[in-house]
Amino acid sequence: MTETDVKIVFSDIDGTVLTSQHEVTSQTKAAVKKLVAKEIPFVLVSARMPEAIYPITEDMGIQMPIICYSGAYVLDREGRELASTYMAAEPVRELLAEIGEKFPAVTVNFYSGHHWYVTDKQDARVKREEDITSAQAEQADFGNLLAQGILPHKILLMAEPADCASAEKYFQQHYPQFQVARSSDILLEIMDGAVSKAAGIEVMLKDYGFDKAEALSFGDNYNDLAMLKYTGMSVAMGNAPDDVKAVAKAVTLSNNDSGIAAFLTSQKII
């Protein structure tokens, strides 16, 4: 892929655009600003909610479109909704009941649009996520939310690695209508089955009038596989697992070594 082929760049956040200290390096910031100066949009694609993405775009000093909840909620650079895919109420009720029965030690999070609901705001895992993302949780009863017609874009389970792996296997098997994937060894993301980062990218490409062959994506984990397979050019970070690297068309330096900037520079995209 040459400089002229790339019309738009998509990037995962955690483990990709952010370092392990949850920061964007000065090299990455400079590289993204050069891209945008060339009128090549840079789009963050994440399992995060909008309020956990905007602090990053503000830190980078760039107003950009975002793809949230791994493709379930797509917003243009002005924050207008381009697409929204909620999980259906009845299977969500069943899912929440089963989580309580089979995985009582996990922390359940209910995300809807610009809201993050939890049953206990004092939960240490919730506090940690608030610290990492700068987003604020709201305490609520999930049954009441569903009764009010508030549906989730995403259910997130925070768990110990063994529970996380077991829950992934169980819910993939028993809830085929949902997309179930770990975004780290302690986080399990559950969304509507139609949702994927690739589907979110498809919406964004349509809005810009670009083809997937003109798109470049960066990712580091299993929930990035659909995106890496979909775009014309795909790059795995140096910190990605080997089977993620095997799917990407290229591999760059790690997130801690400004891998995005290194690739964009080496390929003369900026």
Same cluster or not: are [X] and [Y] linked, directly or through other Ile, Leu, Val, Met, Phe, Trp or Tyr residues, by side-chain heavy atoms under 4.5 angstrom apart?
X: Val195; Y: Leu95; answer: no
X: Leu216; Y: Val45; answer: no
X: Val180; Y: Tyr222; answer: no
X: Leu228; Y: Ile13; answer: no
X: Leu156; Y: Leu44; answer: yes

Taking side chain as C-beta onward, heavy atoms only, is [X] less than 4.5 Å from [Y]?
X: Leu146; Y: Leu96; value: yes
X: Ser196; Y: Tyr230; value: no
X: Ile8; Y: Glu214; value: no

Polar side chain donor-acceptor pair, [X] to [Y], under 3.5 angstrom:
X: Asn223; Y: Ser183; result: no
X: Thr231; Y: Ser234; result: no
X: Asp192; Y: Thr85; result: no

Between [atom1] of [X] and [atom2] of [Y], what distance do you get to the nearest 0.5 Å?
X: Ile99; Y: Ile155; atom1: CD1; atom2: CD1; result: 6.5 Å
X: Ile66; Y: Thr57; atom1: CD1; atom2: OG1; result: 7.0 Å
X: Cys68; Y: Tyr54; atom1: SG; atom2: OH; result: 6.5 Å
X: Ser254; Y: Met237; atom1: OG; atom2: CE; result: 6.5 Å
X: Leu157; Y: Ile186; atom1: CG; atom2: CD1; result: 12.0 Å
X: Arg128; Y: Asp131; atom1: CZ; atom2: CG; result: 9.0 Å

Determine, for Tyr69 and Lys154, whether the Lys NZ or Arg CZ falls below 6.0 Å from the six-membered ring centre while staying within 45 degrees of the axis.
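Relative to the ring axis of Tyr69, which defines the angle, Lys154 lies outside at least one limit.
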Can you tell me which residue among Asp14, Asp12, Thr133 is in a side chain to side chain donor-acceptor pair (under 3.5 Å) with Arg48?
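Going through the options one by one, the only one that passes is Asp14.
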Among Trp116, Tyr86, Tyr111, Tyr117, exactly one meets ring pair (Phe, Tyr, Trp, His ring centres under 6.0 Å) together with His153. Which residue is that?
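Only one of Trp116, Tyr86, Tyr111, Tyr117 forms a ring pair (Phe, Tyr, Trp, His ring centres under 6.0 Å) with His153, namely Tyr86.
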Strictly distance-based, threshold 3.5 Å: is any side-chain N or O of Asp120 a donor or acceptor partner for the main-chain N or O of Gln122?
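Between the backbone of Gln122 and the side chain of Asp120 there is a qualifying donor-acceptor contact (under 3.5 Å).
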Any side-chain to backbone donor/acceptor pair from Ser112 onto Leu151? Under 3.5 Å, distance only.
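Indeed, once roles are kept as given, a pair shorter than 3.5 Å links the two residues.
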Take atom [atom1] in [X]; do more than 12 heavy atoms of anything else shown fall under 6.0 Å from it?
X: Lys102; atom1: NZ; result: yes
X: Gln21; atom1: CD; result: no
X: Glu138; atom1: CD; result: yes
X: Lys121; atom1: NZ; result: yes

Parallel, tilted or perpendicular, judged at 30° and 60°: which one describes the rings of Phe142 and Phe110?
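Parallel.
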Compute the centroid of each ring, for Phe103 and then for Phe171, and state whether the two points are separated by less than 6.0 Å.
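Here the rings of Phe171 and Phe103 have centres that are less than 6.0 Å from each other.
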List for me each residue that meets side chain to side chain donor-acceptor pair (under 3.5 Å) alongside Asp76, sequence neighbours excluded, and say none if there are none.
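Partners of Asp76 under the side chain to side chain donor-acceptor pair (under 3.5 Å) test: Arg80.
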Step by step, work out the side chain to side chain contact (heavy atoms under 4.5 Å, CB included) result for Ile269 and Leu35.
CA-CA 8 Å; Ile269 295 163; Leu35 262 187; 3.9 Å; yes
Where do Val74 and Met204 land on the side chain to side chain contact (heavy atoms under 4.5 Å, CB included) test, with the steps shown first?
CA-CA 8 Å; Val74 183; Met204 192 66 72; 3.5 Å; yes
Salt bridge present between Lys7 and Asp211 (N-O < 4.0 angstrom)
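Salt bridge absent between Lys7 and Asp211.
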